[in-house]
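Notes follow once the structure below has been shown.
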Protein chains: 2
Amino acid sequence: MDRTAAEPAEGSLLLDDQLCFALYAASRAVTARYRPLLDELGLTYPQYLVMLVLWDQDSVSVRELGAALQLESSTLSPLLKRLEAGGLVTRERRPDDERSVAIRLTEDGARLRDRARAVPVAIGDAMGLTPEQDAMAKRLLRLLTVNVSDGGSGG
Amino acid sequence: MDRTAAEPAEGSLLLDDQLCFALYAASRAVTARYRPLLDELGLTYPQYLVMLVLWDQDSVSVRELGAALQLESSTLSPLLKRLEAGGLVTRERRPDDERSVAIRLTEDGARLRDRARAVPVAIGDAMGLTPEQDAMAKRLLRLLTVNVSDGGSGG
DNA sequence: CTCAATTAAATTGGGCACTAACAGATCGAC
DNA sequence: GTCGATCTGTTAGTGCCCAATTTAATTGAG
């Protein structure tokens, strides 16, 4: 079995031994790759993620968006105002609970979906992973996210 | 319906089909997990990454740091000024090439290394991946980073 | 029921990070 | 000495998190 590198020591402080750095670098590289594609749609990367949720399920509250994207409302509020200013969504208080704000697509926002369809195809192509590698990466990243989020220190 | 194992459609716009979202969420979750540990060291997460480089190799230029961390000088300059203000590093022009700025650890900065040793251990524990999963994740993330950075559209 | 306290949802403000675009200084070649 | 290239720093805009505030709904004591 050929192994790319030796097993790093348990408490290594070398940058290249850190999974966290590989994760951080990959995340920024992917976001950078999205940028020119999303520029054409007039979206930033987090805005694109919000639109993905709305294209799947229209009329969600800020709180529900935060739950889906694991983002705080203090991140979403200004972001949603920019989407509203761009004419892609509307924001209005829910009549039955005026603490909540319902986010809905405008016609422009709904129309953008067709143009956005090319984006994940192009990115998937650029990522250059086999379907098996893609599935494995998603599985590992979700496991990591769950473990790290749950305050669990269990191995 | 259960589509956890199903192969997502090529051009799916569902949030949960996107590897990019799994990556983005994992990256933020890991950073959040680091926060309380790094708070005790008086470091932010990117500052910690810079310190990892310096603990391995003292006296590096801004350019070299940028190459190691894949960050621009416009990110590093203010970050390094904060580290300098915190008394962890010094910045001075290189005598042989006064365009370059040499970043060096102060005694406090060097001393911090011992306290930092517990950090990757705690994080590794929280991540809860087996050594095989950890190695696989790093391998996939690096492959992803290279593919996505190289402008390659190859599959 | 009425009023105060508590909880919930969203917003606002401040600090750090990231990017793109630009400005200053220095080096090397000529 | 001039010119192009290199290295660093600065500025403006967005995103992210934390802490504090505002507004609305709920709960509890009388």
Side-chain angles (χ1 to χ4, degrees), chain A residues 20-21 24-39 42-51 60-67 69-86 89-103 149, chain B residues 21 24-39 41-51 60-67 69-86 89-103 149:
Chain A
C20 74
F21 174 63
Y24 179 74
S27 181
R28 276 186 303 113
V30 168
T31 302
R33 183 74 183 210
Y34 268 97
R35 199 179 314 280
L37 298 173
L38 296 181
D39 278 351
L43 296 173
T44 66
Y45 182 70
Q47 288 171 4
Y48 168 71
L49 295 178
V50 167
M51 295 300 286
V60 298
S61 68
V62 175
R63 171 176 167 65
E64 290 163 336
L65 274 174
L69 300 170
Q70 301 176 242
L71 289 174
E72 305 294 320
S73 64
S74 53
T75 297
L76 289 171
S77 283
L79 187 157
L80 291 168
K81 282 175 115 169
R82 287 181 209 114
L83 287 180
E84 185 186 35
V89 308
T90 62
R91 299 185 306 145
E92 51 182 308
R93 295 276 167 184
R94 290 210 156 129
D96 58 321
D97 185 345
E98 297 213 346
R99 292 173 302 180
S100 285
V101 171
I103 310 297
S149 304
Chain B
F21 173 63
Y24 180 73
S27 181
R28 277 185 301 110
V30 168
T31 302
R33 183 74 183 211
Y34 269 97
R35 199 179 315 281
L37 298 173
L38 296 182
D39 278 351
L41 304 183
L43 295 173
T44 65
Y45 182 70
Q47 288 170 6
Y48 168 71
L49 295 179
V50 168
M51 294 301 285
V60 298
S61 68
V62 175
R63 171 175 166 66
E64 289 163 338
L65 275 174
L69 300 170
Q70 301 177 244
L71 290 174
E72 305 294 320
S73 70
S74 50
T75 298
L76 287 173
S77 283
L79 187 156
L80 291 169
K81 282 174 108 170
R82 286 179 211 114
L83 287 180
E84 185 185 35
V89 308
T90 61
R91 298 185 306 148
E92 51 182 307
R93 295 278 166 182
R94 290 208 156 132
D96 56 323
D97 184 346
E98 297 212 347
R99 293 171 302 181
S100 285
V101 170
I103 311 296
S149 304

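Within every chain, numbering begins at 1; the chains are lettered A, B, ... in the order of the sequence lines, protein sequences first and strands thereafter.
Taking 4.5 Å as the limit, some side-chain heavy atom of B:Leu65 sits within range of a side-chain heavy atom of B:Leu80. No side-chain heavy atom of A:Glu92 sits less than 4.5 Å from a side-chain heavy atom of A:Ile103. Between B:Leu43 and B:Leu83 the shortest side-chain heavy-atom distance falls below 4.5 Å.
Between the A:Arg91 side chain and the A:Lys81 main chain, no donor and acceptor come within less than 3.5 Å of each other.
A:Arg35 meets the side chain to side chain donor-acceptor pair (under 3.5 Å) test with no other residue; sequence neighbours excluded. Residues satisfying the ring pair (Phe, Tyr, Trp, His ring centres under 6.0 Å) criterion with B:Tyr48, sequence neighbours excluded, are B:Tyr34. Under the side chain to side chain donor-acceptor pair (under 3.5 Å) criterion, A:Arg63 pairs with no residue, sequence neighbours left out. Listed by chain and number, the residues in a side chain to side chain contact (heavy atoms under 4.5 Å, CB included) with B:Arg94 are B:Ser59, B:Ser61, B:Glu64, B:Asp96, B:Ser100, B:Ala102 (sequence neighbours excluded).
Between the P atom of C:dA10 and the CD atom of A:Glu98 lies a distance of 13 Å, rounded to the nearest Å. Rounding to whole angstrom units, CZ of residue B:Arg28 and C1' of C:dC16 are separated by 16 Å. One interatomic measurement links the two molecules: CG of B:Asp96 to P of C:dC27, which rounds to 9 Å at whole-angstrom precision. With rounding to whole Å, B:Ile103 atom CD1 is found 12 Å from D:dG9 atom C1'. Taking atom CG on A:Leu71 and atom P on C:dT11, their separation rounds to 14 Å, with Å as the unit. The distance from atom CG of B:Leu43 to atom C1' of C:dC16 is 13 Å, rounded to the nearest whole Å. Protein atom CG of B:Leu38 is 15 Å distant from nucleotide atom P of D:dC17, rounded to whole Å. Separating the CG atom of B:Leu65 from the P atom of D:dG9 is a distance of 11 Å, rounded to the nearest angstrom.
Between B:Tyr45 atom OH and B:Leu38 atom CG the span is 8.5 Å, to the nearest 0.5 Å.
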What nitrogen or oxygen pairs link the protein and nucleotides 6-9 of chain C at under 3.5 Å?
{"unit_1": "C:dA8", "atom_1": "O4'", "unit_2": "A:Arg99", "atom_2": "NH1", "d": "3.2"}
{"unit_1": "C:dA9", "atom_1": "OP1", "unit_2": "A:Arg63", "atom_2": "NE", "d": "3.2"}
{"unit_1": "C:dA9", "atom_1": "O3'", "unit_2": "A:Arg99", "atom_2": "O", "d": "3.4"}

Anything under 3.5 Å between a protein N or O and an N or O of nucleotides 18-22 of chain D, put it in a table, one pair a line.
{"unit_1": "D:dC18", "atom_1": "OP1", "unit_2": "B:Arg35", "atom_2": "NE", "d": "3.4"}
{"unit_1": "D:dC18", "atom_1": "N4", "unit_2": "A:Ser74", "atom_2": "OG", "d": "2.9"}

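The 5' end of DNA chain D is approached more closely, in terms of each residue's nearest nucleotide, by A:Gln47 than by the other of A:Gln47 and A:Pro95. Checking A:Tyr45 against B:Pro78, the closest nucleotide of DNA chain D that is more toward the 5' end is the one next to B:Pro78.
Considering only side-chain N and O atoms, B:Lys81 lies under 4.0 angstrom from the phosphate OP1 or OP2 of D:dT10. Regarding contacts with the backbone of D:dG9, a side-chain N or O of B:Arg91 is found under 4.0 angstrom from either OP1 or OP2.
B:Arg94 comes within 4.0 angstrom of nothing in the nucleic acid, heavy atoms only. Residue contacts shown for A:Glu64 are absent, as no nucleic acid heavy atom lies under 4.0 Å away. When heavy atoms are screened at a 4.0 angstrom cut-off, B:Ser77 is found touching base atoms of the nucleic acid.
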Discussion item. Let's go through B:Leu79 and B:Val50 carefully: what are the C-alpha distance in whole Å and the side-chain angles of both, what is the deciding distance for side chain to side chain contact (heavy atoms under 4.5 Å, CB included) to 0.1 Å, and is it a yes or a no?
Written reply: CA-CA 9 Å; B:Leu79 187 156; B:Val50 168; 3.8 Å; yes

